[in-house]
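Since the structure is predicted, the reported quantities are computational estimates derived from the model, not experimental observations. In what follows, chains are A, B, ... by sequence order, proteins preceding strands, each numbered from 1.
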Amino acid sequence: TTTDQTPAEKQQLRIATTTSLYDTKLLDHLTPIFEEKYNAEVLIVSGGTGKAIEYGQRGDVDVLMVHDRAREDAFLADGYGVNRRVFAYNYFVVIGPESDPAGIKGMGPVQAFKTIYAAGESNTPGVTFISRGDASGTHSKEQAIWKAAGFNYSTDIQGNDWYQEAGTGMGATIAMTNEKQAYALSDIGTFLAYKGDVDLVALVDEGDALLNVYCAMQINPEKYPDTNIALAKEWTNFLISDEIQQEIASFGVAEYGQPLFYAAQNDWEKIGVTEAEVKDPVA
Amino acid sequence: MYEIVEGFLEAIRLIVTLDPNVMAIAVRSIIISLTATIIASLFAIPLGAAINFGTFPGRKSLINLIQTLYSLPTVIVGLLIFLLISRVGPFGFMRLLFTPTAMIIAQTVLIIPIMTGLTISALSGVDPVIRDTLRSLGATKLQFLTNVIKEARFAILATVAVGFGRAISEVGAAILVGGNIAAASFASSTRVLTTAISLETSMGNISQSIALGIVLLVIALGVNLAIAAVQHR
Amino acid sequence: MYEIVEGFLEAIRLIVTLDPNVMAIAVRSIIISLTATIIASLFAIPLGAAINFGTFPGRKSLINLIQTLYSLPTVIVGLLIFLLISRVGPFGFMRLLFTPTAMIIAQTVLIIPIMTGLTISALSGVDPVIRDTLRSLGATKLQFLTNVIKEARFAILATVAVGFGRAISEVGAAILVGGNIAAASFASSTRVLTTAISLETSMGNISQSIALGIVLLVIALGVNLAIAAVQHR
Amino acid sequence: MIELENVSKYFGDTRVLDGVTGKVNRGEIFAVIGPSGSGKSTLLRLIDLLDTPTGGTIRVDGTDIHTEHEKSLSVRRMMGMVFQKPAVFNATVAENIAVGLRFRGADKNKIDARIKEALDLVGLGGYGQRRARTLSGGEMQRVALARAMVIEPEILLLDEPTANLDPVSVAMIEDLVVRINRDLGTTIVFSTHDMYQGQRLAHRLGVLMNGVFAQVGTPREVFTLPASREVARFVGIENIVEGVVVSENGTSAVDAGGIRIRARSPFGAGEAICLCIRSEDIRIAPAIRGRRVFDGNILPGTVTSVVPRGPFSKVTVDCGFSLSSILSWKKVDDLNLREGREVVVSFSPESVHVVRRE
Amino acid sequence: MIELENVSKYFGDTRVLDGVTGKVNRGEIFAVIGPSGSGKSTLLRLIDLLDTPTGGTIRVDGTDIHTEHEKSLSVRRMMGMVFQKPAVFNATVAENIAVGLRFRGADKNKIDARIKEALDLVGLGGYGQRRARTLSGGEMQRVALARAMVIEPEILLLDEPTANLDPVSVAMIEDLVVRINRDLGTTIVFSTHDMYQGQRLAHRLGVLMNGVFAQVGTPREVFTLPASREVARFVGIENIVEGVVVSENGTSAVDAGGIRIRARSPFGAGEAICLCIRSEDIRIAPAIRGRRVFDGNILPGTVTSVVPRGPFSKVTVDCGFSLSSILSWKKVDDLNLREGREVVVSFSPESVHVVRRE
Ligand SMILES: Nc1ncnc2c1ncn2[C@@H]1O[C@H](COP(=O)(O)OP(=O)(O)OP(=O)(O)O)[C@@H](O)[C@H]1O
Ligand SMILES: Nc1ncnc2c1ncn2[C@@H]1O[C@H](COP(=O)(O)OP(=O)(O)OP(=O)(O)O)[C@@H](O)[C@H]1O
Ligand SMILES: [Mg+2]
Ligand SMILES: [Mg+2]
């Protein structure tokens with residue numbers, strides 16, 4: 001980063017992002033490159049998905065980066081956002097104790113959830129599921145899997161003795177899962193960050209249901225004309241540029257021995273989005 | 001801004017309808033924070049008195065240290081308690097983590113410094129002649145302390161109010177050692193008003209957060225009125 | 001438990017090497033919280049004095065209300081300020097959200113109640129004869145206030161210590177209106193010690209959190225020593 | 001200068017002042033004397049605007065001080081007050097004394113000069129840099145006096161200003177009070193429980209009892225012609241004897257429990273009265289048989305006690321009722337007075353002051 | 001009972017007590033008198049274990065109270081103290097008085113009975129339920145006395161116990177002190193700046209001056225034979241005249257500024273001394289020419305002032321040096337004494353007390 005004597009001249013770009021993305025430090029890795037290239041200053045605030053969206057809805061930021069398809073669509077439909085571009089994806093993991101009392105290791109995610117449910121309902125000792133319970137992207141994903149497994153979330157799942165809502169961030173949820181030697185759904189980045197400190201393993205890490213897609217959206221300039229429209233576009237385009245897609249794909253390999261994200265560029269079919277959403281620069 | 005109005009109306013609705021979910025959280029908050037305040041008072045008031053009236057080397061440094069601990073962030077308190085009571089920690093065998101008991105411990109630890117410090121201030125304000133009079137009437141150490149505290153009851157109860165305020169309004173420690181759990185049973189849940197507020201905020205439900213904040217203030221008002229009633233007796 | 005030890009060592013390393021990143025955060029914390037404390041003092045001390053010496057209907061209720069506001073959770077303060085200064089809020093045009101100024105405002109609002117309340121306690125402890133003496137010497141209202149405050153300086157400065165402690169240790173409001181931004185330039189960043197601690201904690205870096213907590217306490221110690229130096233003059 | 005009109009002050013149900021009326025003239029030294037709890041401090045506090053009367057009016061130079069609020073500060077700045085239990089600010093002695101001057105915006109040189117002067121006047125020269133909180137009771141009192149004095153108020157209110165002082169300091173302060181009054185023309189109102197001090201200093205005194213001024217007058221009037229039995233007692237008349245007037249030719253005679261006493265009184269026959277006789281006016285002689293040439297009251301009696309009092313002794317004689325006399329130690333030795341001795345007690349009708357009994 | 005051995009107390013560099021030695025006997029009433037700031041309060045506080053002496057030893061019943069810490073509480077429980085500026089607890093009067101008894105675990109009935117009794121004794125019957133903070137200065141002082149008294153201490157320490165009281169209350173309290181001492185055998189140490197009070201109450205008194213007891217003795221000794229000029233002044237001897245002994249046959253003669261005065265003195269010729277003469281011992285007569293039959297000192301002079309003092313007047317005459325006499329008002333009128341009048345002053349050689357000048 002170049003030290004800057006006259007920061008007033010620099011344009012500022014404000015981004016709201018979800019915690020799980022921010023905590024991986026991917027953005028910390030990317031922003032200096034952007035700042036240098038566009039002589040800009042990037043200000044990133046992170047929060048729960050709901051909070052990040054709230055910032056976007058109120059026009060307090062220029063760009064929103066989240067991973068919750070349903071709410072993204074609502075955000076776009078309500079006219080708050082435009083120009084969504086998908087730049088990365090990875091998979092959620094179902095984590096749990098090595099002893100795996102419900103016996104889900106190697107199952108598909110939907111099957112695993114069904115198994116946990118059955119074990120929980122039959123009071124199998126040591127089977128507890130900890131949910132984020134905070135309406136985050138991860139929590140949305142978890143609810144979607146329960147649904148896919150044939151359960152009604154609010155009537156079948158919530159309120160069971162073996163099902164606890166942590167109501168906190170991912171890190172705290174992992175800590176709690178570790179403490180209780182329970183099961184939980186986690187994003188891969190946070191789990192890798194915690195892995196060294198906890199006695200938990202990823203029991204299920206494959207399956208379409210675990211897909212986790214990250215996108216960036218520009219705040220609708222028609223609603224908030226004084227957002228930094230130009231830089232917001234630059235940022236979006238920057239994320240889907242070839243150079244940065246490679247950075248994303250290699251991020252974390254050095255530290256964790258495996259990548260935290262996959263580049264979205266060439267996998268648009270696999271992750272169920274249009275080609276335009278991963279490739280077309282914003283005009 | 002309409003969220004504030006909405007929050008107010010929601011708060012009124014929650015209180016009037018005695019919303020069972022919110023009531024459970026509110027009651028848990030009261031139990032936890034009041035217990036912590038009482039336990040902290042039992043430590044802090046005698047400790048503050050001992051420091052105020054003691055003459056030992058390093059007394060001034062100790063007071064400075066205590067004042068410094070006012071700045072102890074709640075998250076750090078939470079972390080320390082967390083490390084002590086987590087499964088692999090020295091007190092892990094007690095299985096306290098993510099229980100209301102753990103939250104009481106954390107809040108107690110959190111407010112002891114400020115309560116001790118304010119107790120010292122309160123007692124140092126007592127007229128020296130009153131202190132001499134108690135001594136000359138043949139007070140034992142304990143009688144001396146209880147009577148000086150009685151004499152400074154106004155300021156001491158203000159200290160208790162500060163302690164309670166800090167306990168019930170903190171969130172960092174509560175969430176770390178409690179976990180904001182919404183379990184099926186009342187006793188295994190650890191969701192209190194502040195952690196619920198923080199959750200609602202992270203979900204972007206601003207008016208719900210404000211409503212819960214108002215519920216919390218109503219509780220605090222009740223506790224303060226009770227304290228004031230004792231104060232002016 | 002080894003995290004605590006590690007945290008200590010890390011804290012020492014950070015302080016000894018004057019780690020530039022941590023130093024920037026620490027300096028920002030000091031600037032923000034000290035400014036907030038000074039501004040809050042300018043409001044709270046005169047206000048507390050006015051309430052303590054005033055005789056107006058509802059005085060007792062007002063004191064109760066102030067004590068109640070001790071319990072105002074920092075998140076709620078953060079939310080209210082957020083609603084006011086967010087772009088669609090009434091002061092949105094000032095573009096204060098996610099700036100250190102916003103954090104100063106939030107912390108100021110947060111600590112005004114407790115500082116006012118403790119000022120009232122401090123002043124109510126002043127010997128009535130001292131008050132009468134000042135009046136009989138022909139003090140104007142302002143002279144009366146400044147002199148009573150001077151007389152109660154020990155307790156008043158303790159109040160300032162409490163206010164500073166609460167400001168520098170709070171995180172809820174700081175993160176909501178500041179955003180915990182680590183920007184390239186010092187002035188646009190809003191990361192302070194508590195928000196950094198909270199971030200490190202959420203990433204599972206417990207010893208880094210503890211190290212930052214210790215840095216925070218070292219700062220608080222410095223401020224308290226400065227206050228104590230004034231107090232004992 | 002100060003007019004009190006029917007001033008009353010209740011604390012809840014307790015009536016402390018219940019219609020005090022009086023007037024303090026410009027340049028006068030006026031003493032408020034009265035028993036403990038009679039409301040002396042309360043009255044001074046009302047004059048100094050530190051408390052509000054329940055009823056009545058206090059006027060200073062014609063201003064009704066408790067209703068004309070816009071003048072409060074200027075009225076208060078006319079006055080200086082020394083409290084009964086003075087409190088000092090937690091600062092040096094010099095800073096304590098400077099406060100009033102600083103309030104009035106005096107400049108530093110003037111303040112310093114005045115402080116020095118005032119400290120010398122109250123006998124605390126060189127104490128300027130001491131922490132005021134470490135002073136002894138008497139020293140504090142003198143600091144408080146210096147503090148009120150340096151502002152050169154038109155009215156100085158002193159609430160028992162010498163209660164904590166030794167006689168040498170008392171003499172010094174009394175001297176100072178007289179000089180302030182004489183040299184600066186300051187009107188001084190002080191309360192005291194020491195009636196001799198009232199007498200030494202005051203031009204006039206008011207005796208506060210049961211919420212009102214039981215008597216206002218010059219010291220001599222109050223001391224020689226107390227208005228009531230209570231005042232008589234309070235001003236130190238030790239011999240107060242109940243009786244009934246029995247008309248007689250010329251001077252009246254009084255029947256006191258069967259014993260006839262001659263006295264001058266304006267009261268008619270049959271009235272219940274009290275005789276007040278100062279101890280100093282009572283003579284004691286050996287019980288010599290035979291008639292002595294004395295146109296007064298001569299009563300035989302028995303000595304019941306002899307107690308020292310200052311350089312004198314107080315001898316009490318039972319002659320139907322008790323009468324005390326003050327004699328020098330030498331006289332007591334000469335007459336060989338001790339308990340049980342028979343003596344005669346005599347006093348002139350002129351030395352008897354008669355008040356109505358209520 | 002209480003032995004003071006070379007007790008000293010410095011506050012920083014200020015030497016307040018600098019070697020006080022003395023003894024208070026069991027059952028005695030001992031007065032500490034001395035000027036303001038002489039250390040009376042400090043001494044009482046040291047005895048009550050509220051402060052630590054810089055040097056020396058204080059023994060109570062043989063226990064060195066400042067070193068035998070394990071006995072502190074029991075020593076303190078032997079004593080009761082009333083402070084110079086008493087403070088009351090923020091509670092009712094009755095609760096204030098109960099405190100000491102509660103500390104000793106007395107039962108409720110006993111406490112209630114004692115409180116009632118004590119309140120009556122100090123003249124505050126019926127005040128039990130009043131908030132102590134609202135009492136007047138004198139009332140507080142009496143509550144403080146009652147509070148110390150109810151625990152029936154073996155030693156009662158009273159720091160200027162009547163400084164805030166009116167004469168009627170003073171008499172009541174003095175009476176009470178004498179009765180406590182007589183009926184319960186309580187040893188009483190009190191400080192006062194009122195030497196007459198010292199004399200009225202104390203069996204012995206110590207005059208504290210310049211950090212030491214300048215004199216310890218019975219009131220009569222101290223009053224008639226003060227050990228030094230300072231003590232003489234302090235005990236109210238108003239006429240102190242400097243002179244030099246001139247040897248002569250039989251009684252000595254003193255030269256005081258050229259005027260010869262006859263006095264009895266133990267000092268040799270040439271010694272610098274002071275003559276102390278009580279006002280009461282000085283007579284004033286009209287300046288009649290011709291020799292009068294009087295074997296004493298007769299000095300002609302001019303009246304310089306006549307000021308009232310209680311029921312007397314103080315007449316000051318210049319006869320080379322100033323001499324004051326105390327006369328009744330009547331006498332003043334009879335002799336027609338006023339400023340400028342020529343008179344003769346007379347006093348006997350026996351009434352002159354001679355002290356060495358230092
Ligand atoms: N704030 C108060 N509330 C209730 N009663 C009070 C208050 N202040 C004074 N009093 C009562 O009023 C009466 C007069 O008090 P004040 O202090 O004026 O007496 P005083 O004449 O100065 O007595 P002293 O000679 O003992 O100082 C006392 O009985 C006292 O208890
Ligand atoms: N804590 C202290 N620090 C410094 N000096 C002190 C302290 N306490 C008392 N003194 C000084 O010691 C001296 C004696 O004080 P003390 O109160 O014993 O006098 P006192 O004889 O009781 O006088 P008074 O008759 O005025 O009450 C005074 O000059 C006082 O200023
Ligand atoms: Mg009074
Ligand atoms: Mg004293």
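- With a 4.5 angstrom heavy-atom cutoff, L199(C) touches chain A only via side-chain atoms.
- Residues E41(A) and S185(C) bring a donor and an acceptor atom of their side chains to less than 3.5 Å of each other.
- At a 4.5 Å heavy-atom cutoff, the contact between L43(A) and chain C is made by backbone and side-chain atoms alike.
- For residues 13-28 of chain A, the interface with chain C (any heavy-atom pair closer than 4.5 Å) comprises R14(A), Y22(A), D23(A), K25(A), sorted by residue number.
- Heavy-atom distances place the backbone of T201(C), and not its side chain, under 4.5 Å from chain A.
- Judged purely by distance below 3.5 Å, without hydrogens or angles, the side chains of N212(A) and N90(A) pair a donor atom with an acceptor atom.
- Looking at T173(A), there are no atoms closer than 4.5 Å to chain C (heavy atoms on both sides), in backbone or side chain.
- By the 30° and 60° cut-offs, the orientation of the rings of H67(A) relative to Y214(A) is parallel.
- Sorted by first and then second residue, the ring-ring contact (aromatic ring centres under 6.0 Å, His included) pairs with a member in residues 64-113 of chain C read Y55(A)-F82(C), Y55(A)-F98(C); sequence neighbours excluded.
- For V61(A), the part lying near chain C is the side chain, with the backbone staying farther off; criterion is any non-hydrogen pair under 4.5 Å.
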Let me check something: any side-chain donor-acceptor pairs from residues 211-218 of chain C under 3.5 Å, sequence neighbours excluded? List them with distances.
none

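- Side-chain N/O atoms of T17(C) and D19(C) include no donor and acceptor closer than 3.5 Å.
- Geometrically, K223(A) engages Y80(A) in a cation-pi contact defined by less than 6.0 Å to the ring centre and at most 45° from the axis.
- With a threshold of 4.5 angstrom between heavy atoms, D60(A) approaches chain C through its backbone and through its side chain.
- Looking only at heavy-atom pairs under 4.5 Å with chain A, the residue among G204(C), S86(C), G179(C) that has the most is S86(C).
- Here T159(C) pairs with M115(C), L118(C), T119(C) under the side chain to side chain contact (heavy atoms under 4.5 Å, CB included) rule; sequence neighbours left out.
- Within the 4.5 Å cutoff, the side chain of I244(A) has heavy atoms near those of the S241(A) side chain.
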